[in-house]
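There's a structure below that I have some questions on.
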Amino acid sequence: MERLKVEGDIALKATNLKPDHLKAANLDLSATLREKPANFQPANFGLSATLREQPKNLEQANLTVSRLLKQGKGLYDSGRFAEAVDVLEQALKTNQAQGDQLSEAMVLSNLSLAYQQLGLWTQAKNAIANSEKLLRSIKSPDSTAYLQVLAQSLMIKGSIELGSSEAKAAMESWEQAAVTYGELGDEAGEIRSQINIAQALQDLGMYKRALNLLNQVEESLIAQPDSLNKAILLRSLGNMRQLVGQLSQSRQTLEKSLQIARSLSSSEEISATLFSLGNTARAQLSSGDTAQAQQELDEAIDYYQQAFNESTDPITKLEAQLNQLSLLIDTKRIKQAQALIPQILPQLESLPLSRRSIYLRINFAQSLMKDEVKSIKDEGNVEISAKRLQPSVKMAVAPSYEIAKILATAAQQAKGLGDKRAEAYAIGTLGQLYEQNQQLPESQDLTQQALKLAQEINAPDISYRWQWQLGRISTGLGEEENAIAAYTEAVNTLKSLRSDLVAVNQQVRFTFRESVEPVYREFVQLLLQSDRNEANPDNLEKAREIIESLQLAELDNYFRSACLNATPVVIDQVIDQVDTKAALIYPIILPESVDIIIRLPQQPLRHYRTELPQDQIESTLEDLRHFLPQLHRRKFFPMSQQVYNWIIRPIEEDLANSQVDTLVFVLDGALRNIPMAALHDGKQYLVEKYSIALTPGLDLMNPQRLVREDIKVLTAGLSESRQGYNPLPFVEVELEKIKAQVPSEILLNQDFTETNFENSVEAAPFPVVHIASHGEFSSEAEKTFILTWDSKINVNELKDLLQTTDLRQSTPIELLVLSACQTATGDKRAALGIAGVAIEAGARSTLATIWLVDDEATAVLMNRFYQELTDKSISKAEALNRAQKSILQDPNYEHPYYWAPYIMVGNWL
């Protein structure tokens, strides 16, 4: 077999590149924001230590330093970071020879910035530490030049600390930078510092403080006169809001920035803001709101096209086109994508060498590698010569060997620049191309090279990708032990990235299911398949742990932060000691099966499989979710029995023999939107045989029983129509009946304002908080809310309001009841909101509804629930079970519409 050398030592078996038979998850590095530090506003490359303040006998040396700094800045701005380092190191030597401490400190901070871009974190930390040491040694630290260098060093120090997962230290550095900029009277610097502080707060889980700070930043910006600097800062703020999930606010802020940029006729700023607006529109498109999907898609494409038209910079123009191409492919507009590809190829070849141009090559190659494009063509089996490896601008879609050429060139260019990060991306993506074409040994070799580079520069956000890729490749090669080891490393790396999962993919909502979730699912599939022939307790326990880790990662993704505190809980402790009448059930949806892992009291884990295509599974679940709430139809019965046969029938005998009375489900994917209580065995519903509860995972629950003595309830609700929502006349009856059962404070209608609710929570400890009002759970935290008399309480705001109890009182919230909310129709991930509310609010459990419930039936069911809750001998899950069965037995309420939507999430005890 001929081996063709391309661009040095990246070897391609170009004559053996075959059509894509192995589906690999696509890795999208690019289609998001430009290649700049993603999570913070980087300090400007400093030329601020005014050299004219130095003694005259240093004039010649200062001119040399000034020239070198300007040269370094030019190289840095063009993405030639290794060359910038060389130049800055020359400037450093010149400074050291002359003993100019301030100038030396400035050069060191700039060196640190360049080292960061190359992923050289140790060198970056050493450089900024030396800069800081020099600044401390200066005896008269009161000059403007000194303060400018100090502020810049603090900004860079904060970026290093954030990149090292030291968010608290980063926040402190940026707070000091803000103070220093204040002393300088540099308002723009203060604002950049505050935007960075908001990111640190977000990483620390202080979501409300972060959002309040962003709001303050915007207010201070609005008060300023229009200027180019104001437009840039508003764009930065809009990008940050997009990053943390404030998509509507992001768009509004970016539109203000665009308006100013247009008034100033700044083509580049107009283009940059349009580009950001395209990213925000794209993120909104991916949020699960299908009603406006078409409009948002058209808007995103239009924004990218406008960004292309406005810009005069060839790299910016190409970035806009590549984002547009990626979006067209992802939304199946393949003909439009094909028309765009020939326009991109010649531009790509004419770009000057820089990190940005290298990433654009990788971005383009990734778009061409996607299944939607590759299914149209693949000429990979054709014998080719070296000449034919040159990209052809006439081709509508490049075959595999053309893509390989693009990536090999990118890898060699990155190596020439000394940019190991870009080199790791390029080589790893080339490895992915070989994987797609079933050349697994070659793919394995390239992926190992890429992983080694990523680990050398301590880049876990790249490393996990190539660890995951090695897992897939080893699976394809039948190397099961190596595959398990690689997947284990990938999952561990993702865990270490919890606080920065937003940065792994800038469009988190859009790419989580492509770039993070499959790592966990493929690993579980591997573990359970290897368990097919003989029971392997270690594999089953590992699969259970991985599913729980996925639940946690999804919730992190939902809230755009890693503020959920998972405490490892031993499964034996819960099932064998705390509740010996409960069974823990993990139904897992895999590509070709529904797998069940079950843990019964005093028994080892067991595994069952029903082989079915995933499309069939999810189609049935979608139909069941659609028909269950339809009061006057019984079409749900066949589907309800079918799902029962998948999940319960295989374990039915085990359940009966173990004499359990409570089933605790850790539900996966689309199963979360199905009430397990409504599954039917042909004779009766599951709720008639067992109490039922849900938990996102044992690590996210506190296995303690509810203390029934002195239960007090804070109840709040709306019975009148507000903000366009229908009245709920039986809410008043519901709250009064609860008060008759247990001591309660009632906030009804005009008394149920956000302020009154917060004051009541702060005034006294309430183990139970009950809210009877309209609300909606969406897969997007921004669109998950509870309606009050005067506003909507967002899920993040609700979390902060309710956590007051946990922080200021000795009694945490044992139970949060949301009795009139619903999950967003057609939103497969909406039920995450229910689990998220429970955990984020610090509540040990939540009772909520997954569709819009009957007002009168709810009042009846809740009255019965609180009657049962006062019984010390039963769990919360059993109290709900008795309440559901009581109205199920009433001929007026026997349909699942009335009783099935109530689900208990969290601690069921």
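Source: prediction; values computed, not measured.
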Exercise: identify the closest heavy-atom pair between L162 and A170: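 For L162 versus A170, the nearest heavy atoms are N-CB, 3.7 Å.
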Gap separating the CD1 atom of I362 from the CD atom of Q413, nearest 0.5 angstrom: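 It is 9.5 Å, given to the nearest 0.5 Å.
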Worked check of side chain to side chain contact (heavy atoms under 4.5 Å, CB included) between I341 and L368: CA-CA 9 Å; I341 289 170; L368 297 180; 3.6 Å; yes
S311 and D313 side chains, donor-acceptor separation under 3.5 Å: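 No - no donor-acceptor pair under 3.5 Å links their side chains.
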Donor + acceptor pair across side chains of Q469, T447 (<3.5 Å):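 Q469 vs T447: donor-acceptor pair found between side chains.
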Any L327 side-chain heavy atom under 4.5 Å of Y304 side chain: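 With C-beta onward as the side chain, the pair touches.
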Rounded distance [0.5 Å steps], CD in E89 versus CD in Q123: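 These two atoms lie 9.0 Å from each other.
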Gap between atom CG of L417 and atom CZ of F81 - 0.5 Å precision: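 Those atoms lie 9.0 Å apart.
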Non-hydrogen side-chain atoms of L527 and L540 separated by less than 4.5 Å: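 No, their side chains stay 4.5 Å or more apart.
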Residues which pass ring-ring contact (aromatic ring centres under 6.0 Å, His included) with F364, listed by chain and number, not counting sequence neighbours: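 None.
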pair I315-S354: side-chain heavy atoms closer than 4.5 Å: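 I315 vs S354: side chains touch.
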Test item: side-chain donor near acceptor, R282 and S326, under 3.5 Å: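 A pair is found: one side chain offers a donor N or O, the other an acceptor, under 3.5 Å apart.
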Salt bridge flag under 4.0 Å for residues E517 and R521: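 Looking at R521 together with E517, the answer is yes, because their closest N to O distance falls below 4.0 Å.
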Charged N-O contact under 4.0 Å between E349 and R361: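 Result for this pair is yes, salt bridge flagged.
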Cationic N near anionic O, under 4.0 Å, D86 to R80: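 So D86 does not pair with R80 through a salt bridge.
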From L120 atom CG to N458 atom CG, the distance as rounded to the nearest 0.5 Å: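 Between atom CG of L120 and atom CG of N458 there are 10.5 Å.
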Sidechain-backbone polar pair: E522 side chain, R472 backbone, donor-acceptor under 3.5 Å: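 Answer holds: no.
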Shortest non-hydrogen contact between A486 and G471, atoms and distance: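 Shortest heavy-atom contact: CB-N, 3.5 Å.
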D595 side-chain N/O to I588 backbone N/O, donor-acceptor pair under 3.5 Å: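 Judged by distance alone, no pair lies under 3.5 Å.
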Any T429 side-chain heavy atom under 4.5 Å of Q366 side chain: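 T429 reaches Q366 side chain to side chain.
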Minimum heavy-atom distance between T493 and P460, given as atom pair plus value: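 Shortest heavy-atom contact: CG2-O, 3.4 Å.
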Side-chain donor-acceptor contact under 3.5 Å, Q449 with D445: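 A pair is found: one side chain offers a donor N or O, the other an acceptor, under 3.5 Å apart.
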Spacing of CD belonging to Q439 relative to OG belonging to S400, to within rounding of 0.5 Å: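 Separation between the atoms: 8.5 Å.
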Shortest non-hydrogen contact from A411 toward I427: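 Minimum heavy-atom contact is CB-CG1, 3.8 Å.
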Donor-acceptor pair, side chain of S78 and main chain of L75, under 3.5 angstrom: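 Answer holds: yes.
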Donor-acceptor side-chain pairing of Q321 and Q347 below 3.5 angstrom: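 Yes, Q347 and Q321 have a side-chain donor paired with an acceptor closer than 3.5 Å.
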Lys/Arg N to Asp/Glu carboxylate O, K168 vs E161, below 4.0 Å: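 Judged by the 4.0 Å cut-off on N to carboxylate O distance, K168 and E161 do not form a salt bridge.
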Under-4.0 Å salt bridge between K405 and E402: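 Salt bridge absent between K405 and E402.
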Audit row: E480, T475, side chain to side chain contact (heavy atoms under 4.5 Å, CB included) steps and yes/no: CA-CA 6 Å; E480 184 178 300; T475 301; over 6 Å; no
Q448 vs W466 side-chain heavy atoms within contact, under 4.5 Å: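 Not touching, per the 4.5 Å side-chain cut-off.
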Flag, side chain of N363 to backbone of Y359, donor-acceptor distance under 3.5 Å: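 Side chain of N363 to backbone of Y359, a donor-acceptor pair under 3.5 Å: no, none is there.
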Pair V491-K495, side chain to side chain contact (heavy atoms under 4.5 Å, CB included): steps then yes or no: CA-CA 6 Å; V491 167; K495 287 180 181 178; 3.9 Å; yes
Separation of F523 CZ from I547 CD1 (nearest 0.5 Å):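 Going from the CD1 atom of I547 to the CZ atom of F523 covers 11.5 Å.
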Intermediate values then yes/no, salt bridge (Lys or Arg N to Asp or Glu O under 4.0 Å), R544 and E541: CA-CA 5 Å; R544 185 194 73 80; E541 177 57 29; 2.8 Å; yes
Donor-acceptor pair between Y464 and N492 side chains, under 3.5 angstrom: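 Their side chains do not contain a donor-acceptor pair, so the 3.5 Å distance test is not met.
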E489 side chain to W468 side chain, donor-acceptor N/O pair below 3.5 angstrom: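 No, because no side-chain N or O of E489 sits under 3.5 Å from a partner of the opposite role on W468.
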Test side chain to side chain contact (heavy atoms under 4.5 Å, CB included) applied to T488 and I484, step by step: CA-CA 6 Å; T488 299; I484 290 175; 4.0 Å; yes
Nearest heavy atoms of V524 and I546, plus distance in Å: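 The answer is CG2-CG2, 3.6 Å.
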Short side-chain to backbone donor-acceptor contact, S112 and L108, under 3.5 Å: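 A pair under 3.5 Å: no.
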Heavy-atom donor-acceptor pair, K317 side chain to F308 backbone, under 3.5 Å: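 Yes: the side chain of K317 pairs with the backbone of F308.
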Minimal non-hydrogen separation, L440 against I473, with atom names: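 Shortest heavy-atom separation between L440 and I473 comes out as O-CG2, 3.6 Å.
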Side chains of Q71 and Q90, donor plus acceptor under 3.5 Å: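 Checked: Q71/Q90 side chains show no N/O donor-acceptor pair below 3.5 Å.
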Check: S131/S153 side-chain N/O donor and acceptor closer than 3.5 Å: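 The criterion, which ignores hydrogens and geometry beyond distance, is satisfied for S153 and S131.
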Single hit among I128, I156, L111 for side-chain contact (heavy atoms from CB on, under 4.5 Å) with Q116: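 Result: among I128, I156, L111, I156 is the only option passing the side-chain contact (heavy atoms from CB on, under 4.5 Å) with Q116.
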Heavy-atom side-chain proximity of Y520 to L494 below 4.5 angstrom: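 Side chain of Y520 against side chain of L494, heavy atoms only: contact under 4.5 Å found.
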Heavy-atom side-chain contact between L118 and I457 under 4.5 Å: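 They are not in contact (no side-chain heavy atoms under 4.5 Å apart), so the answer is no.
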Side-chain heavy atoms of Q432 within contact of S443, under 4.5 Å: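 In short, these two side chains do not touch, never coming nearer than 4.5 Å.
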Test salt bridge (Lys or Arg N to Asp or Glu O under 4.0 Å) applied to D461 and R421, step by step: CA-CA 10 Å; D461 57 315; R421 186 179 182 89; 2.4 Å; yes
